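A quick note: this is a predicted structure, and the numbers were derived from the prediction, not measured. The first residue in the sequence is number 1, and the count goes up from there. Just follow the structure's listing: the first ligand is 1, and inside any ligand the first atom is 1.
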Amino acid sequence: MTIAPWLPPVHRRPDLPAAVRIWEVAPRDGLQNEPSVVPAQVKAELVTRLVDAGLTTVETTSFVNPARVPQLADAEEVFSLLAPLRGTWEQARGAGLRFPALVPNLAGLERAVSSGVRDVCVFASATETFARRNLDRSRDEALEMFAPVVAGAKADGLGVRAYVSMCFGDPWEGPVAAEGVVSVCERLLEMGADEVSLGDTIGVATTGQVVDVLDALARAGIVADQVAVHFHDTYGQALANTLTALSCGVTTVDSSAGGIGGCPFAKSATGNLATEDLCWALAGAGVATGVDLGRLVETSVWMAEHLGRPSPSKVVRALAQGHRSRE
Ligand code: MG
């Protein structure tokens, strides 16, 4: 199926950046939450199709304990399937393409580097309870665990992103104070992380809180260049929150093609912001993303067929249905 979507008319919003880097998370954050295991060949094709649709940063997999996340137990195989498609990993990086992978500890970092990974992510928590439930240790102990991982990755010349989950609300602790988010972000950046990605893991943030958290970070000297945002759509606020963050100077946004995924360890979480919904909004606001929306929608329709259910993305549904109505 070829989809040649119309795009919204452009009404440039001067309060938004001219261009945004989309950090595509479907192959990792999306697929790790799937009940079924997607074959490695399909994962590799998904990554390839996302790059062909114009996404330059595609978080590819996780080198987590396979027993803990069996959906991504084939991390090495996925990277080996991708390797011949893009020259060497250094060449891909030189061409501006990034294929980050999540690494939970030094063993994961070692596996990732052996597979050619040049950009890694660690996963911290802004709250004590989530750290204990998800990482099995206190918030500070988890941060200590990441220090050698970040140092080792930087020593090898890798890019390092640190996810910070539960930045806006926690299912056990309720609202999260901005000061706690700031202190965790400060620690991770001091360790050497290049950027922090603020996760609204249970999707409870609203736009004023987004401004408050970003203001608190700015007051602590953490500039927008070091910050990405990762919103979930539990209450339908992901896109509004993302646009608010962009109006505060953030230029890196996490989203998931087709809106797949959430968090397997936070039961109340629903899907990631759909990349298509984000691209549609940014196209209308005159913000460059480099994404070919038609190719992206085709990819998400293809992936939805593999997953056996339709994409939750409204833009995917609208454009795919529009296509059919014109046939
Ligand atoms: Mg997510």
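Between the Mg ion (ligand 1) and Thr201 there is no N/O/S contact shorter than 2.8 Å.
Annotation for Phe231 and Ala245: closest pair CE1-CB, 4.5 Å, computed over non-hydrogen atoms.
A donor-acceptor contact shorter than 3.5 Å links the side chain of Arg12 to the backbone of Leu16.
The nearest N/O/S atom of His230 to the Mg ion (ligand 1) is NE2. Atom OD2 is the N, O or S atom of Asp29 at the shortest distance from the Mg ion (ligand 1).
Among residues at least two apart or in separate chains, side-chain hydrogen bond (donor to acceptor under 3.5 Å, both in side chains) pairs with a member in residues 142-154 are Glu144-Arg187, Lys154-Asp194.
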Contacts under 3.5 angstrom, residues 205-221 side chains, donor-acceptor by atom type, not counting sequence neighbours:
unit_1	atom_1	unit_2	atom_2	d
Gln209	NE2	Phe168	O	2.8

